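Read through the structure below, which is laid out as C-alpha coordinates, and then see the notes.
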Amino acid sequence: MTEAFDHDIPSFPMARECPMHPPAEYRKLRGQEPVSRVRMPDGQVAWLVLKHDLARKLLADPRVSADRLHPAFPGRLTAEQRAATERVRRLTTRRSMIHLDGDEHGAHRRILTGEFSLRRIAALRPRVQEIVDRSIDEMLAAPQPADLVEHVSQAVPSLVICELLGVPHEQRRDFHEWAGMLVSRSVSIRERAAASDALNDFLEDLVTEKERGEPTDDLIGRLIARNRQTPVMTHDEIVGTAVMLLVAGHQTTANMISLGVVALLENPEHKARIAADPSLLPPAIEEMLRYFSVVENAPARIATEDIAIGGVTIRKNEGIVVSGLAADWDDEVFEHPDRLDFERGARHHVAFGYGVHQCLGQNLARVELEIVFETLLRRVPGLSLAVPAEELPYKDDAGIYGIYRVPVNC
Amino acid sequence: MHITADRGRCVGAAQCVLVAPAVFDQDEEGLVAPVTVDPAGADRPAVRQAVHLCPSSAIRIDEE
Ligand code: HEM
Ligand code: SF4
(Lines give C-alpha, C1' and ligand atoms only; values in the text may rest on other atoms or scores of the structure.)
(Ligands and ions follow the chains in the order given, each with its own letter.)
Protein backbone atom coordinates (compact mmCIF):
# COMPACT_ATOMS: atom_id res chain seq x y z
CA MET A 1 0.00 0.00 0.00
CA THR A 2 1.76 3.18 -1.16
CA GLU A 3 -0.20 5.38 1.23
CA ALA A 4 1.89 3.80 3.96
CA PHE A 5 4.45 6.50 3.29
CA ASP A 6 2.07 9.41 3.76
CA HIS A 7 3.08 11.52 6.70
CA ASP A 8 -0.36 12.59 7.75
CA ILE A 9 -1.50 9.15 8.89
CA PRO A 10 -1.97 9.25 12.67
CA SER A 11 -0.24 6.63 14.78
CA PHE A 12 -2.11 4.00 16.76
CA PRO A 13 -2.46 3.66 19.72
CA MET A 14 -3.27 7.30 20.41
CA ALA A 15 -2.51 9.07 23.68
CA ARG A 16 -5.15 9.77 26.31
CA GLU A 17 -5.36 13.18 27.96
CA CYS A 18 -7.50 11.89 30.81
CA PRO A 19 -6.95 8.36 32.12
CA MET A 20 -10.70 7.77 32.36
CA HIS A 21 -11.50 8.98 28.82
CA PRO A 22 -10.61 7.72 25.34
CA PRO A 23 -8.04 9.68 23.34
CA ALA A 24 -9.62 13.03 22.33
CA GLU A 25 -8.49 12.32 18.76
CA TYR A 26 -11.19 9.65 18.44
CA ARG A 27 -13.93 12.22 18.65
CA LYS A 28 -12.39 14.39 15.98
CA LEU A 29 -11.68 11.50 13.63
CA ARG A 30 -15.15 10.01 14.15
CA GLY A 31 -16.71 13.21 12.85
CA GLN A 32 -14.39 13.42 9.83
CA GLU A 33 -13.60 9.86 8.79
CA PRO A 34 -15.36 7.20 10.87
CA VAL A 35 -13.14 4.60 9.19
CA SER A 36 -9.67 6.17 9.31
CA ARG A 37 -6.25 5.01 8.28
CA VAL A 38 -3.78 4.65 11.14
CA ARG A 39 -0.18 3.57 11.35
CA MET A 40 0.43 0.62 13.66
CA PRO A 41 3.60 0.35 15.80
CA ASP A 42 5.20 -2.02 13.26
CA GLY A 43 4.77 0.60 10.52
CA GLN A 44 1.90 -1.11 8.71
CA VAL A 45 -1.18 0.91 7.89
CA ALA A 46 -4.53 -0.38 9.12
CA TRP A 47 -8.09 0.90 9.25
CA LEU A 48 -9.47 2.19 12.55
CA VAL A 49 -13.26 1.95 12.95
CA LEU A 50 -14.66 4.60 15.27
CA LYS A 51 -18.45 4.50 14.93
CA HIS A 52 -20.76 2.15 16.78
CA ASP A 53 -22.95 1.12 13.82
CA LEU A 54 -19.94 0.54 11.57
CA ALA A 55 -18.12 -1.40 14.29
CA ARG A 56 -21.08 -3.77 14.65
CA LYS A 57 -21.47 -4.05 10.90
CA LEU A 58 -17.84 -4.98 10.34
CA LEU A 59 -17.63 -7.43 13.22
CA ALA A 60 -20.73 -9.19 11.87
CA ASP A 61 -19.45 -9.18 8.27
CA PRO A 62 -18.51 -12.62 6.92
CA ARG A 63 -15.82 -10.98 4.77
CA VAL A 64 -13.48 -10.42 7.74
CA SER A 65 -11.08 -12.92 9.27
CA ALA A 66 -9.81 -13.20 12.84
CA ASP A 67 -6.57 -14.90 11.75
CA ARG A 68 -4.09 -13.44 14.20
CA LEU A 69 -1.16 -14.97 12.33
CA HIS A 70 -1.88 -13.09 9.09
CA PRO A 71 1.13 -10.81 8.36
CA ALA A 72 -1.11 -7.72 8.14
CA PHE A 73 -3.03 -8.50 11.35
CA PRO A 74 -2.89 -5.27 13.38
CA GLY A 75 -1.01 -5.64 16.65
CA ARG A 76 0.41 -3.33 19.27
CA LEU A 77 4.04 -4.39 18.97
CA THR A 78 6.90 -2.99 16.93
CA ALA A 79 8.82 -5.48 14.80
CA GLU A 80 11.62 -5.62 17.43
CA GLN A 81 9.19 -6.09 20.29
CA ARG A 82 7.54 -8.85 18.35
CA ALA A 83 10.85 -10.64 17.83
CA ALA A 84 11.80 -10.19 21.48
CA THR A 85 8.51 -11.62 22.73
CA GLU A 86 8.41 -14.50 20.25
CA ARG A 87 8.30 -17.07 23.02
CA VAL A 88 5.42 -15.42 24.86
CA ARG A 89 3.60 -15.08 21.57
CA ARG A 90 3.99 -18.79 20.99
CA LEU A 91 1.67 -19.23 23.94
CA THR A 92 -0.92 -16.69 22.91
CA THR A 93 -1.04 -17.58 19.24
CA ARG A 94 -1.91 -21.25 19.72
CA ARG A 95 -4.86 -22.29 17.61
CA SER A 96 -8.25 -21.75 19.25
CA MET A 97 -11.65 -20.30 18.39
CA ILE A 98 -10.51 -16.70 18.78
CA HIS A 99 -8.30 -17.16 15.65
CA LEU A 100 -10.75 -19.13 13.55
CA ASP A 101 -13.35 -18.18 10.96
CA GLY A 102 -16.54 -19.59 9.52
CA ASP A 103 -17.64 -23.17 10.14
CA GLU A 104 -14.42 -24.09 11.88
CA HIS A 105 -14.95 -21.29 14.39
CA GLY A 106 -18.57 -22.38 14.81
CA ALA A 107 -17.57 -25.95 15.63
CA HIS A 108 -14.89 -24.87 18.15
CA ARG A 109 -17.27 -22.47 19.82
CA ARG A 110 -20.35 -24.72 19.93
CA ILE A 111 -18.51 -27.51 21.67
CA LEU A 112 -18.14 -25.01 24.56
CA THR A 113 -21.27 -22.83 24.53
CA GLY A 114 -23.04 -25.19 26.97
CA GLU A 115 -20.28 -24.52 29.52
CA PHE A 116 -21.11 -20.81 29.51
CA SER A 117 -24.92 -20.90 29.51
CA LEU A 118 -26.60 -18.69 32.10
CA ARG A 119 -27.61 -21.78 34.08
CA ARG A 120 -24.07 -23.15 34.23
CA ILE A 121 -22.69 -19.77 35.22
CA ALA A 122 -25.36 -19.32 37.89
CA ALA A 123 -24.32 -22.68 39.35
CA LEU A 124 -20.75 -21.33 39.71
CA ARG A 125 -21.88 -18.42 41.91
CA PRO A 126 -21.24 -20.08 45.28
CA ARG A 127 -17.68 -20.98 44.25
CA VAL A 128 -17.05 -17.47 42.94
CA GLN A 129 -18.39 -16.06 46.22
CA GLU A 130 -15.97 -18.24 48.22
CA ILE A 131 -13.05 -17.14 46.05
CA VAL A 132 -14.02 -13.48 46.43
CA ASP A 133 -14.44 -13.80 50.20
CA ARG A 134 -11.05 -15.42 50.56
CA SER A 135 -9.37 -12.77 48.41
CA ILE A 136 -10.94 -10.00 50.47
CA ASP A 137 -9.81 -11.74 53.69
CA GLU A 138 -6.25 -11.57 52.38
CA MET A 139 -6.59 -7.91 51.49
CA LEU A 140 -7.94 -7.13 54.98
CA ALA A 141 -5.09 -9.03 56.62
CA ALA A 142 -2.40 -7.31 54.54
CA PRO A 143 -0.45 -4.25 55.78
CA GLN A 144 -2.33 -1.03 54.88
CA PRO A 145 -2.53 0.45 52.35
CA ALA A 146 -3.08 -2.86 50.56
CA ASP A 147 -2.99 -3.34 46.81
CA LEU A 148 -6.49 -4.09 45.51
CA VAL A 149 -5.01 -5.31 42.22
CA GLU A 150 -2.81 -7.95 43.81
CA HIS A 151 -5.30 -9.22 46.36
CA VAL A 152 -8.59 -8.97 44.48
CA SER A 153 -8.45 -7.86 40.83
CA GLN A 154 -5.77 -10.36 39.76
CA ALA A 155 -6.58 -13.12 42.22
CA VAL A 156 -10.30 -13.54 41.62
CA PRO A 157 -10.32 -14.12 37.83
CA SER A 158 -7.23 -16.33 38.03
CA LEU A 159 -8.80 -18.57 40.70
CA VAL A 160 -12.11 -18.66 38.83
CA ILE A 161 -10.32 -19.85 35.69
CA CYS A 162 -8.55 -22.52 37.77
CA GLU A 163 -11.95 -23.63 39.01
CA LEU A 164 -13.32 -23.69 35.47
CA LEU A 165 -10.37 -25.59 33.97
CA GLY A 166 -10.08 -27.98 36.89
CA VAL A 167 -6.59 -26.94 38.03
CA PRO A 168 -5.78 -28.91 41.22
CA HIS A 169 -5.76 -26.70 44.35
CA GLU A 170 -2.12 -27.29 45.21
CA GLN A 171 -1.07 -25.95 41.79
CA ARG A 172 -3.21 -22.81 41.79
CA ARG A 173 -0.59 -20.57 43.37
CA ASP A 174 1.96 -21.42 40.66
CA PHE A 175 -0.64 -20.93 37.96
CA HIS A 176 -1.59 -17.56 39.39
CA GLU A 177 2.03 -16.44 39.64
CA TRP A 178 2.84 -17.35 36.04
CA ALA A 179 -0.33 -15.72 34.74
CA GLY A 180 0.60 -12.54 36.62
CA MET A 181 4.13 -12.53 35.18
CA LEU A 182 2.78 -12.54 31.64
CA VAL A 183 1.58 -8.96 32.11
CA SER A 184 3.79 -7.65 34.88
CA ARG A 185 5.79 -4.49 34.18
CA SER A 186 8.47 -5.39 36.67
CA VAL A 187 9.72 -8.66 35.17
CA SER A 188 12.22 -8.95 32.31
CA ILE A 189 11.27 -10.34 28.93
CA ARG A 190 13.35 -13.42 29.82
CA GLU A 191 11.35 -14.05 32.99
CA ARG A 192 8.14 -13.48 31.12
CA ALA A 193 9.13 -16.03 28.50
CA ALA A 194 9.97 -18.50 31.26
CA ALA A 195 6.56 -17.96 32.86
CA SER A 196 4.93 -18.39 29.50
CA ASP A 197 6.78 -21.67 28.89
CA ALA A 198 5.84 -22.85 32.37
CA LEU A 199 2.17 -22.13 31.75
CA ASN A 200 2.33 -23.80 28.38
CA ASP A 201 3.88 -26.95 29.85
CA PHE A 202 1.51 -26.89 32.76
CA LEU A 203 -1.62 -26.73 30.59
CA GLU A 204 -0.16 -29.31 28.22
CA ASP A 205 0.28 -31.71 31.16
CA LEU A 206 -3.12 -30.86 32.61
CA VAL A 207 -4.85 -31.76 29.35
CA THR A 208 -2.72 -34.87 28.76
CA GLU A 209 -3.52 -36.16 32.24
CA LYS A 210 -7.23 -35.55 31.80
CA GLU A 211 -7.11 -37.30 28.43
CA ARG A 212 -5.49 -40.39 30.00
CA GLY A 213 -7.66 -40.88 33.06
CA GLU A 214 -11.37 -41.02 33.74
CA PRO A 215 -13.17 -37.89 32.49
CA THR A 216 -13.06 -35.18 35.18
CA ASP A 217 -16.04 -33.03 36.07
CA ASP A 218 -14.73 -29.68 34.84
CA LEU A 219 -14.76 -27.74 31.58
CA ILE A 220 -11.65 -29.42 30.12
CA GLY A 221 -12.74 -32.90 31.25
CA ARG A 222 -16.18 -32.48 29.68
CA LEU A 223 -14.65 -30.95 26.54
CA ILE A 224 -12.42 -34.01 26.16
CA ALA A 225 -15.42 -36.33 26.62
CA ARG A 226 -17.56 -34.46 24.08
CA ASN A 227 -14.66 -34.29 21.67
CA ARG A 228 -14.34 -38.08 21.84
CA GLN A 229 -17.95 -38.48 20.78
CA THR A 230 -17.81 -35.89 18.01
CA PRO A 231 -14.21 -34.98 17.21
CA VAL A 232 -13.74 -31.25 16.65
CA MET A 233 -10.39 -30.41 18.24
CA THR A 234 -6.93 -31.97 18.13
CA HIS A 235 -5.01 -32.39 21.40
CA ASP A 236 -3.06 -29.23 20.55
CA GLU A 237 -6.25 -27.29 20.03
CA ILE A 238 -7.63 -28.43 23.38
CA VAL A 239 -4.47 -27.13 25.03
CA GLY A 240 -4.77 -23.97 22.91
CA THR A 241 -8.34 -23.55 24.13
CA ALA A 242 -7.26 -23.84 27.78
CA VAL A 243 -4.55 -21.22 27.17
CA MET A 244 -7.00 -18.97 25.37
CA LEU A 245 -9.55 -19.14 28.21
CA LEU A 246 -6.82 -17.96 30.56
CA VAL A 247 -5.62 -15.20 28.25
CA ALA A 248 -9.15 -14.02 27.35
CA GLY A 249 -10.61 -14.23 30.83
CA HIS A 250 -7.87 -13.05 33.15
CA GLN A 251 -6.62 -9.52 32.47
CA THR A 252 -9.92 -8.40 30.98
CA THR A 253 -11.84 -9.19 34.15
CA ALA A 254 -8.98 -8.09 36.42
CA ASN A 255 -8.80 -4.63 34.87
CA MET A 256 -12.56 -4.21 34.93
CA ILE A 257 -12.51 -4.99 38.67
CA SER A 258 -9.82 -2.33 39.30
CA LEU A 259 -11.45 0.34 37.14
CA GLY A 260 -14.92 -0.48 38.47
CA VAL A 261 -13.86 -0.17 42.11
CA VAL A 262 -12.21 3.19 41.40
CA ALA A 263 -15.36 4.32 39.57
CA LEU A 264 -17.50 3.35 42.56
CA LEU A 265 -15.21 5.03 45.08
CA GLU A 266 -15.14 8.20 42.98
CA ASN A 267 -18.95 8.32 42.87
CA PRO A 268 -19.87 8.09 46.56
CA GLU A 269 -23.52 8.96 46.03
CA HIS A 270 -24.07 6.13 43.55
CA LYS A 271 -21.93 3.85 45.63
CA ALA A 272 -24.23 4.42 48.62
CA ARG A 273 -27.29 3.81 46.51
CA ILE A 274 -25.89 0.54 45.16
CA ALA A 275 -24.73 -0.57 48.61
CA ALA A 276 -28.29 -0.10 49.86
CA ASP A 277 -29.81 -1.88 46.87
CA PRO A 278 -27.54 -4.38 45.07
CA SER A 279 -30.20 -4.90 42.36
CA LEU A 280 -28.81 -1.63 40.93
CA LEU A 281 -25.48 -3.34 40.29
CA PRO A 282 -26.13 -5.17 36.99
CA PRO A 283 -27.05 -1.99 35.07
CA ALA A 284 -24.13 -0.17 36.73
CA ILE A 285 -21.81 -2.93 35.52
CA GLU A 286 -23.11 -2.61 31.94
CA GLU A 287 -22.30 1.08 32.13
CA MET A 288 -18.80 0.41 33.49
CA LEU A 289 -18.23 -2.06 30.65
CA ARG A 290 -19.28 0.57 28.11
CA TYR A 291 -17.41 3.44 29.70
CA PHE A 292 -14.08 1.61 30.04
CA SER A 293 -14.32 -0.82 27.09
CA VAL A 294 -10.98 -2.21 28.20
CA VAL A 295 -10.30 -4.51 25.24
CA GLU A 296 -9.39 -1.70 22.99
CA ASN A 297 -7.87 -3.38 20.01
CA ALA A 298 -8.37 -7.13 20.33
CA PRO A 299 -11.33 -7.07 17.97
CA ALA A 300 -8.96 -6.65 15.04
CA ARG A 301 -9.59 -8.32 11.69
CA ILE A 302 -8.28 -8.87 8.18
CA ALA A 303 -10.49 -8.16 5.16
CA THR A 304 -10.80 -11.30 3.04
CA GLU A 305 -12.48 -9.33 0.22
CA ASP A 306 -12.85 -5.66 -0.67
CA ILE A 307 -15.37 -4.09 1.72
CA ALA A 308 -17.02 -0.72 1.09
CA ILE A 309 -17.89 0.85 4.43
CA GLY A 310 -18.18 4.33 5.95
CA GLY A 311 -17.20 6.05 2.71
CA VAL A 312 -13.99 4.05 2.14
CA THR A 313 -13.06 0.75 0.55
CA ILE A 314 -11.08 -1.61 2.72
CA ARG A 315 -9.06 -3.77 0.34
CA LYS A 316 -8.60 -7.48 0.60
CA ASN A 317 -5.79 -8.41 3.05
CA GLU A 318 -5.80 -5.03 4.80
CA GLY A 319 -5.91 -4.92 8.60
CA ILE A 320 -8.81 -3.46 10.57
CA VAL A 321 -8.89 -2.32 14.20
CA VAL A 322 -12.39 -2.06 15.58
CA SER A 323 -12.09 0.17 18.62
CA GLY A 324 -14.77 -0.88 21.06
CA LEU A 325 -13.86 2.12 23.16
CA ALA A 326 -14.40 4.57 20.30
CA ALA A 327 -17.68 2.84 19.35
CA ASP A 328 -18.91 2.92 22.93
CA TRP A 329 -18.24 6.66 23.14
CA ASP A 330 -20.10 7.38 19.90
CA ASP A 331 -22.38 10.27 20.93
CA GLU A 332 -24.92 9.44 18.25
CA VAL A 333 -25.61 6.21 20.11
CA PHE A 334 -24.82 7.04 23.75
CA GLU A 335 -25.91 10.47 24.87
CA HIS A 336 -23.16 12.25 26.82
CA PRO A 337 -20.84 9.27 26.59
CA ASP A 338 -18.41 11.00 28.95
CA ARG A 339 -20.93 10.71 31.78
CA LEU A 340 -20.55 7.54 33.77
CA ASP A 341 -24.28 7.12 34.31
CA PHE A 342 -24.94 4.02 36.39
CA GLU A 343 -28.62 4.24 35.53
CA ARG A 344 -28.19 4.56 31.77
CA GLY A 345 -29.58 1.07 31.23
CA ALA A 346 -27.87 0.59 27.85
CA ARG A 347 -26.78 -2.91 26.90
CA HIS A 348 -25.82 -2.41 23.28
CA HIS A 349 -22.19 -1.51 23.97
CA VAL A 350 -19.50 -3.54 22.21
CA ALA A 351 -17.21 -3.98 25.22
CA PHE A 352 -17.56 -7.73 24.64
CA GLY A 353 -17.24 -7.35 20.88
CA TYR A 354 -19.96 -8.25 18.38
CA GLY A 355 -20.59 -10.88 15.73
CA VAL A 356 -19.77 -14.55 16.11
CA HIS A 357 -16.70 -13.88 18.28
CA GLN A 358 -18.63 -11.89 20.87
CA CYS A 359 -17.18 -12.82 24.23
CA LEU A 360 -18.06 -16.37 25.21
CA GLY A 361 -17.21 -15.65 28.86
CA GLN A 362 -19.28 -12.48 29.18
CA ASN A 363 -21.82 -13.87 31.60
CA LEU A 364 -19.11 -15.33 33.79
CA ALA A 365 -17.40 -11.92 33.73
CA ARG A 366 -20.68 -10.25 34.74
CA VAL A 367 -21.05 -12.63 37.69
CA GLU A 368 -17.46 -12.10 38.83
CA LEU A 369 -17.84 -8.32 38.70
CA GLU A 370 -21.18 -8.39 40.47
CA ILE A 371 -19.95 -10.61 43.31
CA VAL A 372 -16.72 -8.64 43.77
CA PHE A 373 -18.47 -5.24 43.89
CA GLU A 374 -21.37 -6.44 46.05
CA THR A 375 -19.06 -8.16 48.54
CA LEU A 376 -16.63 -5.25 48.75
CA LEU A 377 -19.44 -2.76 49.40
CA ARG A 378 -20.94 -5.04 52.05
CA ARG A 379 -17.82 -6.27 53.82
CA VAL A 380 -15.50 -3.26 53.44
CA PRO A 381 -17.80 -0.23 53.62
CA GLY A 382 -14.87 2.01 54.58
CA LEU A 383 -12.79 1.10 51.52
CA SER A 384 -10.95 4.17 50.21
CA LEU A 385 -8.17 5.04 47.78
CA ALA A 386 -4.81 5.72 49.44
CA VAL A 387 -3.80 8.03 46.57
CA PRO A 388 -5.93 10.35 44.38
CA ALA A 389 -7.51 8.53 41.45
CA GLU A 390 -5.66 10.78 38.95
CA GLU A 391 -2.33 9.58 40.30
CA LEU A 392 -2.90 5.85 39.91
CA PRO A 393 -0.58 4.04 37.46
CA TYR A 394 -2.86 3.52 34.47
CA LYS A 395 -1.90 1.00 31.79
CA ASP A 396 -1.26 3.34 28.89
CA ASP A 397 1.13 0.83 27.39
CA ALA A 398 -0.99 -2.33 27.53
CA GLY A 399 -3.32 -3.99 25.04
CA ILE A 400 -5.99 -4.23 27.70
CA TYR A 401 -6.57 -0.99 29.57
CA GLY A 402 -6.52 -0.94 33.34
CA ILE A 403 -4.45 0.02 36.37
CA TYR A 404 -1.21 -1.56 37.58
CA ARG A 405 -1.71 -0.93 41.30
CA VAL A 406 -4.58 0.46 43.38
CA PRO A 407 -3.44 1.13 46.96
CA VAL A 408 -6.45 1.14 49.27
CA ASN A 409 -7.20 1.49 52.96
CA CYS A 410 -9.76 -0.98 54.20
CA MET B 1 -45.86 -11.33 16.79
CA HIS B 2 -44.16 -14.42 15.43
CA ILE B 3 -40.43 -15.12 15.83
CA THR B 4 -37.87 -17.58 14.50
CA ALA B 5 -34.69 -18.51 16.37
CA ASP B 6 -31.95 -20.12 14.31
CA ARG B 7 -29.79 -22.47 16.41
CA GLY B 8 -27.44 -22.81 13.46
CA ARG B 9 -26.48 -19.13 13.74
CA CYS B 10 -26.63 -18.82 17.54
CA VAL B 11 -23.28 -18.38 19.33
CA GLY B 12 -24.68 -18.76 22.85
CA ALA B 13 -24.05 -15.24 24.08
CA ALA B 14 -27.40 -15.28 25.95
CA GLN B 15 -28.23 -11.63 25.28
CA CYS B 16 -31.75 -12.73 24.35
CA VAL B 17 -32.25 -14.66 27.60
CA LEU B 18 -30.94 -11.74 29.63
CA VAL B 19 -33.40 -9.22 28.19
CA ALA B 20 -36.41 -11.43 27.38
CA PRO B 21 -36.35 -14.44 29.73
CA ALA B 22 -40.07 -15.04 29.21
CA VAL B 23 -39.46 -15.70 25.53
CA PHE B 24 -35.93 -17.13 25.21
CA ASP B 25 -34.08 -19.88 27.02
CA GLN B 26 -30.92 -21.86 26.34
CA ASP B 27 -30.73 -25.63 25.82
CA GLU B 28 -28.08 -28.01 27.22
CA GLU B 29 -25.65 -26.89 24.55
CA GLY B 30 -26.12 -23.24 25.48
CA LEU B 31 -27.95 -22.46 22.23
CA VAL B 32 -31.15 -20.47 21.93
CA ALA B 33 -34.37 -22.36 22.70
CA PRO B 34 -37.47 -20.16 22.48
CA VAL B 35 -40.03 -20.68 25.25
CA THR B 36 -42.65 -19.43 22.79
CA VAL B 37 -42.55 -18.34 19.16
CA ASP B 38 -45.65 -16.16 19.64
CA PRO B 39 -44.59 -13.68 22.36
CA ALA B 40 -47.33 -12.00 24.35
CA GLY B 41 -47.87 -8.27 23.92
CA ALA B 42 -46.06 -7.33 27.11
CA ASP B 43 -42.90 -9.15 26.01
CA ARG B 44 -42.67 -7.65 22.55
CA PRO B 45 -40.48 -4.64 23.36
CA ALA B 46 -37.98 -7.00 25.03
CA VAL B 47 -38.04 -9.26 21.95
CA ARG B 48 -37.21 -6.27 19.75
CA GLN B 49 -34.35 -5.42 22.06
CA ALA B 50 -33.11 -9.04 21.90
CA VAL B 51 -33.14 -8.92 18.10
CA HIS B 52 -31.10 -5.72 18.22
CA LEU B 53 -28.60 -7.15 20.72
CA CYS B 54 -28.11 -10.64 19.28
CA PRO B 55 -24.52 -10.60 17.95
CA SER B 56 -25.09 -13.21 15.26
CA SER B 57 -28.54 -12.24 13.87
CA ALA B 58 -29.90 -15.58 15.06
CA ILE B 59 -33.37 -14.29 15.98
CA ARG B 60 -35.87 -12.81 13.61
CA ILE B 61 -39.31 -11.27 13.88
CA ASP B 62 -41.32 -12.77 11.00
CA GLU B 63 -44.54 -11.03 11.85
CA GLU B 64 -45.01 -7.95 14.02
C1 HEM C 1 -14.92 -7.99 31.64
C2 HEM C 1 -14.24 -9.01 31.17
C3 HEM C 1 -14.12 -9.37 29.72
C4 HEM C 1 -14.11 -8.55 28.61
C5 HEM C 1 -14.20 -7.03 28.57
C6 HEM C 1 -13.99 -9.42 27.45
C7 HEM C 1 -13.95 -8.96 26.13
C8 HEM C 1 -13.90 -9.78 25.02
C9 HEM C 1 -13.93 -9.31 23.65
C10 HEM C 1 -14.00 -7.86 23.22
C11 HEM C 1 -13.89 -10.41 22.84
C12 HEM C 1 -13.96 -10.41 21.32
C13 HEM C 1 -12.62 -10.53 20.66
C14 HEM C 1 -12.74 -10.46 19.15
O15 HEM C 1 -13.80 -10.14 18.61
O16 HEM C 1 -11.72 -10.71 18.49
C17 HEM C 1 -13.83 -11.57 23.69
C18 HEM C 1 -13.76 -12.87 23.25
C19 HEM C 1 -13.67 -13.97 24.08
N20 HEM C 1 -13.70 -13.97 25.46
FE21 HEM C 1 -13.93 -12.37 26.65
N22 HEM C 1 -13.92 -10.72 27.86
C23 HEM C 1 -14.01 -10.75 29.24
C24 HEM C 1 -14.00 -11.86 30.06
C25 HEM C 1 -13.93 -13.16 29.62
C26 HEM C 1 -13.94 -14.33 30.47
C27 HEM C 1 -14.08 -14.31 31.99
C28 HEM C 1 -13.80 -15.42 29.65
C29 HEM C 1 -13.75 -16.89 29.99
C30 HEM C 1 -13.11 -17.41 30.96
C31 HEM C 1 -13.72 -14.93 28.29
C32 HEM C 1 -13.60 -15.74 27.17
C33 HEM C 1 -13.62 -15.28 25.88
C34 HEM C 1 -13.53 -16.16 24.73
C35 HEM C 1 -13.45 -17.68 24.76
C36 HEM C 1 -13.55 -15.34 23.59
C37 HEM C 1 -13.44 -15.78 22.13
C38 HEM C 1 -14.79 -16.03 21.55
C39 HEM C 1 -14.74 -16.37 20.08
O40 HEM C 1 -13.72 -16.17 19.43
O41 HEM C 1 -15.75 -16.90 19.58
N42 HEM C 1 -13.79 -13.56 28.31
N43 HEM C 1 -13.85 -11.16 25.03
S1 SF4 D 1 -28.59 -13.51 21.67
FE2 SF4 D 1 -28.40 -14.54 19.70
S3 SF4 D 1 -26.48 -15.63 19.83
FE4 SF4 D 1 -27.04 -15.09 21.89
S5 SF4 D 1 -28.13 -16.87 22.70
FE6 SF4 D 1 -29.65 -15.48 21.86
S7 SF4 D 1 -29.91 -16.14 19.79
FE8 SF4 D 1 -28.04 -17.08 20.47
Side-chain angles (χ1 to χ4, degrees), chain A residues 52-53 55-62 97-98 100 102-103 105-122 219 222-223 226 229-230 232 282-283 285-286 299 324 333 345-367, chain B:
Chain A
H52 186 266
D53 57 339
R56 294 208 337 166
K57 213 164 147 185
L58 257 177
L59 289 173
D61 196 309
M97 74 178 87
I98 207 157
L100 302 175
D103 291 345
H105 168 266
H108 278 240
R109 177 149 175 150
R110 290 224 175 86
I111 198 170
L112 279 177
T113 41
E115 297 290 334
F116 291 91
S117 70
L118 288 174
R119 248 179 233 105
R120 266 285 164 67
I121 298 303
L219 182 147
R222 289 186 294 266
L223 169 59
R226 274 198 297 276
Q229 285 186 338
T230 322
V232 168
I285 289 170
E286 291 311 307
V333 180
R347 311 187 58 92
H348 52 299
H349 60 76
V350 291
F352 288 121
Y354 192 71
V356 295
H357 290 280
Q358 190 181 63
C359 184
L360 179 60
Q362 58 184 288
N363 294 309
L364 175 58
R366 287 185 171 104
V367 162
Chain B
M1 182 184 266
H2 186 80
I3 58 161
T4 306
D6 183 350
R7 286 177 85 256
R9 294 188 71 99
C10 174
V11 293
Q15 308 283 6
C16 56
V17 191
L18 285 170
V19 297
V23 179
F24 300 102
D25 197 358
Q26 286 171 296
D27 62 15
E28 271 294 296
E29 289 171 76
L31 300 179
V32 61
V35 180
T36 166
V37 290
D38 301 296
D43 296 323
R44 288 176 193 167
V47 171
R48 282 186 205 101
Q49 198 192 355
V51 170
H52 178 60
L53 288 177
C54 174
S56 59
S57 307
I59 40 191
R60 207 175 57 223
I61 298 172
D62 308 311
E63 223 180 273
E64 272 294 335

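Chain naming here is simple, since letters A, B, ... match the order of the sequence lines and numbering starts at 1 in each. For clarity, every value in this text was computed on a predicted model and none was experimentally measured.
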- request: Would you give the length of the straight line joining atom CD of A:Glu286 to atom CG of B:Leu18, rounded to the nearest 0.5 angstrom?
  value: 8.0 Å

- prompt: Between atom CZ of A:Phe116 and atom CD of B:Gln26, what is the distance when rounded to the nearest 0.5 Å?
  reply: 12.0 Å

Atom group of A:Arg109 that falls short of 4.5 Å from chain B, counting heavy atoms: side chain

- request: Answer whether the closest heavy-atom distance between the side chains of A:His348 and B:Gln49 falls below 4.5 Å.
  value: no

message: If you count every heavy atom of other residues, nucleotides or ligands that lies below 6.0 Å from A:Asp103 atom CG, does the total exceed 12?
response: no

field: B:Val11 backbone acceptor or donor facing A:Arg110 side chain under 3.5 Å
entry: no

- prompt: Is there a donor-acceptor contact under 3.5 Å from the side chain of A:Asn363 to the main chain of B:Ala14?
  reply: no

- request: Taking all non-hydrogen atoms of both residues into account, name the closest pair between A:Val356 and B:Ser56 and its distance.
  value: CG1-CB, 4.4 Å

Residue among A:Arg56, A:Arg120, A:His105, A:Glu115 with most heavy-atom pairs under 4.5 Å to chain B: A:Arg56

field: Region of A:Arg226 that comes under 4.5 Å of a non-hydrogen atom in chain B
entry: neither

Toward chain A, the part of B:Glu28 with a non-hydrogen atom under 4.5 Å: backbone

- request: Side-chain contact test, heavy atoms from C-beta onward, threshold under 4.5 Å: evaluate it for B:Asp25 versus A:Leu118 and give yes or no.
  value: no

- line: Pair count under 4.5 Å, heavy atoms only, with chain A: among B:Cys54, B:Ser57, B:Gly12, highest is B:Cys54

- line: Looking only at heavy atoms, the pair that brings B:Gly30 and A:Ser117 closest together is CA-CB, 4.0 Å

task: List the steps and the verdict of salt bridge (charged side-chain N to carboxylate O under 4.0 Å, His left out) for B:Asp27 and A:Arg119.
output: CA-CA 10 Å; B:Asp27 62 15; A:Arg119 248 179 233 105; over 6 Å; no

